Amino acid sequence: MRRLLLAGLLIASTRAFAQPAPPPEPPAPAPAGTGSGSDVDISPTPAPEPPPKPVEPPPPAVVPPAALNASEQRVAAAKLCEAHDPKCDWIGTFSSLERQSVARALEARGLVIEPQPWGKPIAHVIVYNENVFAEANWLRFFNFIHFTTREKAVRDELPIASGDVWDDDKVAEAGRILRDPLYSSVVALLPIKSSETGKVDLLVVTRDVWSLRFNTQYTYQQGSLTNLSISISENNFLGHRNVLSAAALMDQGSLAVGPLFIDKNFLGKHLDFRARIDEIVTRQSLDVVSPRGDHTPTGDPKGWEDGGGFRHEGRDATVSLTRPLWSLATEWGGGGSFSFSNAIARSYFGTGIRSFDDPNTPEVETIAREFRYKTWSIGANAVRQWGTFLKQQLSFGYTVASQHPELLPNFSTDPVLRADFIKDVFPHDEVISQPYVEYSFFMPKYRTLRNVGTYELAEDVRLGPSFDVSLAQALSPLGSTHTFTRPSISGSWTFPLGDTGYATASTGTSLRIQPTDNHDTIDNTAQVSGRIVSPPLGITRFVFSTSLETRWHDTQNAYYTIGSDSGLRGYPINAFYGQRRFSTILEARTQPLPWWVLRLGLVAFYELGGAANSLDEITLYQDVGLGVRMLIPQTSRELLRFDVALPLRASAGNPVSPHFLAGFASYF
C-alpha cells in the first residue's frame, strides 16, 4: 500500500513543479566528484602535452522535423548514431524522462557530449547515480533516508571498462545489464568528450528507485485482495545493489513470512547468491465453491484474518549460489541450489477452493481440493557459452527432487472417498534422481523499445531465432522411484516490425517416456504462442497475444486454468480449467501522458479464451474492458494497473456484470 499512498501524495501535490528540465547546454567545467555520488573514476590529469592542431568542430546535430512524434524522433536520432553519422544526436535517442536525468548529469559534472566516439579508446568511466527524487521540488527531502547506489556497484556490473575501444554493442549490453527493476528506473549511457586527446569518456547515468520502503505487489479481483506481496525492504543495502528484507507472500488461503537476501555480485565475483526462509500461517478458512458457484464452508481451522490467530501450517526455504552467464562474453557459468517446502496446496476457484465430487459415488460431494504437499530438491550444473553470430550454450547438470502429498487430518474417514481423492487429485508420490544435458542457441541481436510494458523507460527485446533442447534420464539405481527419459524441445523467432515493434512466434513440447498402462509416454505437454507489438499508430500502440496449451496422458492430475488475472478479466478467478487452454488478448495502449513526475495512460482490451479437457469441449468466452495505467518512476519500473472488464457471455455462477481488477505490471 506504500506505493498507493505515495501515488496519492504525488497526485495531490501542485503542478508548479511540472516544468521539464531544460535541454542540456555545455556548462563550465566543474570539479570531479560534484553532484550525486562521490567516487568518480577519473584518473589524475596527465602531464601537459603540446597543444593539438585546431580541429574543425563537427556539424551541429540535426533536429528531427517537428512533424515527427516523439517515437519517430527517437528512431531518426538512433539511425544516425547507428550509421556513425557525424550529425548523431545522442540526447535525441532517449525518452523525455531519460533526457531529464541525462541533462542533470551533464550539468552537475560539467560534461560535454562527444558526437563521434567510434573507434576511440575509453579513457574514463564516469558514473552518475541520481537520487530517487531528482526533480527540484519538496520531495527531495526524502532522499536523506535513501542509500544512493555506490558507483563501484555499477562499475562491477559493466561489461565495458577504461581501456576498451568504444563499441556500440557493448555499451548497449551494459544498459541491458543495469536495467534491473529492483534497483534502477532510468539507465542511460552516452559518450563524453575526454580530457585525453584521441579518447572518449563513457557516462553511465542511473536513477535509483526508492530502496528503503514498504514494497507491495497485489492483485485485487472479485471484491477481494487475492494476492499480496509485501516487504519491509532495503533494496539497495548500503548502496551495493543488494536486497535485504523481511518479506510476506499472501494468497487467498495462506501467508508466508520470512527474511530474503539477494546479492547479484557476491564477493565481487559475479556470483548470484539468494536465500529465503518462510514461516507459513493460515490466512482464512475458505468456502468450497462448486462449478455452479455455490459456497459451502470447508470446516478448516480459522486463520489470522477471520479470528483464528496466527495458526502455523508449514514452512519453506530456498538457497542458491550461481555464476550466471552475466555477459555475452562470459564463457563459463554454473551453480547449485537447494529448496524445500512443507505447505498446504490449494486449488482456487473464484474466492474459494475448487470442489471435488467423487465420480464413483452417487452422492454429490463438495470436498475441498487441498492437501499437504511436502517437496524438496537439490541440484547443480555447469554451462559453457561460445560463438559470435550465434551464441551457443551447453549445460550438464544433476538434480534430485522429491514430492510427497498427504491428506489433511480433517479429511473424511470414508476409505472409498480417500482412495478416489488420492487417485484423482494428488500428484505423484515419488523421488526423481536424474542427470541431464541441455543445448541452446540464440542470436545476440537486440532492440530497445519504450512504452510497451512500461512508460518511457527502455525495454529490451531479443531478435532472431532461439532454440533449446534437453534430455534428462531418471534412473532407479540412482535413487529415482521410476526409470524414465524426459526429452524437451522449444524454439522461437522474433521479427522486427518497423522500427519500434516486433512479432514473436514460439512453440515447445516435453515428453516423459515411461511405458504405463496403454501409453508409452505420460505427463506430456505442448504449447504454441504468438505475440505482436505494433509500432505506434498516432498516440496508440496495439499489443496482441495468443496461445494454445495442451496436456495429454497426464498422470499428475495437473490442469490449466483461465479466468480473471490469468486471462479473461471479466470472469471469476480460474473460472475454467482442463487439459487444453486457449487464450487471445488484444490491447490498444495509449502513449504515456507526462503529468508532474508521473506518466499516465489508457488501455482498451478484448479477450477470447476458454479451457476444457479437449478442444471440442472448449466453450469460448469473450470480454471487453477499459483500464488506466500509471508509472511512478521513483518507486518502480512497473506500472500500476486498474481494469474494468465486462463479460460478453454469462457463465455458471457469473452473470454479465462488470469486474474490477487492480494490480502491478502490464497485463501481458
Side-chain angles (χ1 to χ4, degrees), residues 20-21 23 64 68-82 88-103 130 134 168 171-181 183-190 204-207 209 445-463 494 496-504 531-544 587-595 597-603 628-641 664-668:
L68 300 180
N69 61 36
S71 177
E72 292 169 335
Q73 290 180 18
R74 283 197 301 271
V75 170
K79 285 183 176 180
L80 289 177
C81 296
E82 290 171 3
C88 165
D89 175 17
W90 291 94
I91 293 289
T93 63
F94 299 110
S95 70
S96 63
L97 191 63
E98 294 163 336
R99 292 180 194 181
Q100 292 172 15
S101 292
V102 170
E130 270 206 312
D168 287 346
V171 172
E173 182 186 10
R176 292 193 299 271
I177 292 172
L178 291 176
R179 277 191 277 274
D180 190 320
Y183 313 111
S184 302
S185 56
V186 170
V187 173
L189 294 86
L190 64 163
V204 181
V205 179
T206 65
R207 178 170 178 168
V209 297
K445 182 179 180 181
Y446 297 84
R447 167 170 284 188
T448 299
L449 305 177
R450 290 168 178 83
N451 304 325
V452 178
T454 186
Y455 283 160
E456 294 208 344
L457 300 176
E459 307 169 48
D460 302 301
V461 60
R462 193 171 66 203
L463 302 177
T494 300
L497 287 182
D499 294 309
T500 56
Y502 67 90
T504 299
R531 179 180 174 88
I532 298 175
V533 175
S534 78
L537 303 174
I539 64 168
T540 305
R541 184 195 292 272
F542 290 92
V543 184
F544 171 82
E587 284 194 351
R589 304 176 180 178
T590 67
Q591 299 295 291
L593 171 68
W595 185 66
V597 296
L598 308 177
R599 296 297 186 272
L600 305 173
L602 299 175
V603 169
V628 176
R629 304 289 183 264
M630 179 170 63
L631 174 71
I632 309 175
Q634 293 82 0
T635 62
S636 175
R637 290 178 58 91
E638 295 182 345
L639 303 178
L640 284 164
R641 167 168 48 90
F664 278 87
S666 292
Y667 191 69
F668 70 99

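Predicted model, so just to flag it, every value in this text is computed and none were measured. All values below were derived from every heavy atom in this structure, side-chain atoms included, with hydrogens, water molecules and symmetry-related copies excluded.
- Side-chain contact check for Tyr502 versus Arg462: every heavy-atom pair is 4.5 Å or farther apart.
- Nearest approach of Ser101 to Arg207, heavy atoms of both residues: OG-CD, 4.0 Å.
- Looking at heavy atoms from C-beta onward, Leu602 lies in side-chain contact with Val628 at the 4.5 angstrom threshold.
- Side-chain contact between Leu97 and Arg599 is present, with at least one heavy-atom pair separated by less than 4.5 Å.
- Within the 4.5 Å cutoff, the side chain of Arg531 has heavy atoms near those of the Val543 side chain.
- Side chain of Thr448 to backbone of Ala458: no donor-acceptor contact under 3.5 angstrom is found.
- Listed by chain and residue number, nothing satisfies the side chain to side chain donor-acceptor pair (under 3.5 Å) test with Arg176 (two or more places apart in sequence, or in another chain).
- In terms of the side chain to side chain donor-acceptor pair (under 3.5 Å) criterion, residue partners of Arg629 (sequence neighbours excluded) are, by chain and number, Asp643.
- Residues that satisfy the side chain to side chain contact (heavy atoms under 4.5 Å, CB included) test with Asp499, not counting sequence neighbours, are Val75, Lys79.
- The side chain to side chain donor-acceptor pair (under 3.5 Å) test applied to Thr590 returns no partner, not counting sequence neighbours.
- For the residue pair Ser96 and Glu456, a side-chain donor N or O sits within less than 3.5 Å of a side-chain acceptor on the partner.
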Next on the checklist: Could you go through Glu130 and Val186, starting from their C-alpha distance and side-chain angles, then the distance that decides it, and tell me whether this counts as side-chain contact (heavy atoms from CB on, under 4.5 Å)?
Outcome noted: CA-CA 9 Å; Glu130 270 206 312; Val186 170; 5.8 Å; no

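- Remark: Arg447 pairs with no residue by the salt bridge (charged side-chain N to carboxylate O under 4.0 Å, His left out) rule, at least two apart or across chains.
- Annotation: side chain of Leu457 is in contact with side chain of Leu631 (closest heavy-atom distance under 4.5 Å).
- You'll find the side chain of Asp168 stays beyond 4.5 Å of the side chain of Glu82, heavy atoms only.
- By the side chain to side chain donor-acceptor pair (under 3.5 Å) test, Thr504 pairs with Thr494, sequence neighbours left out.
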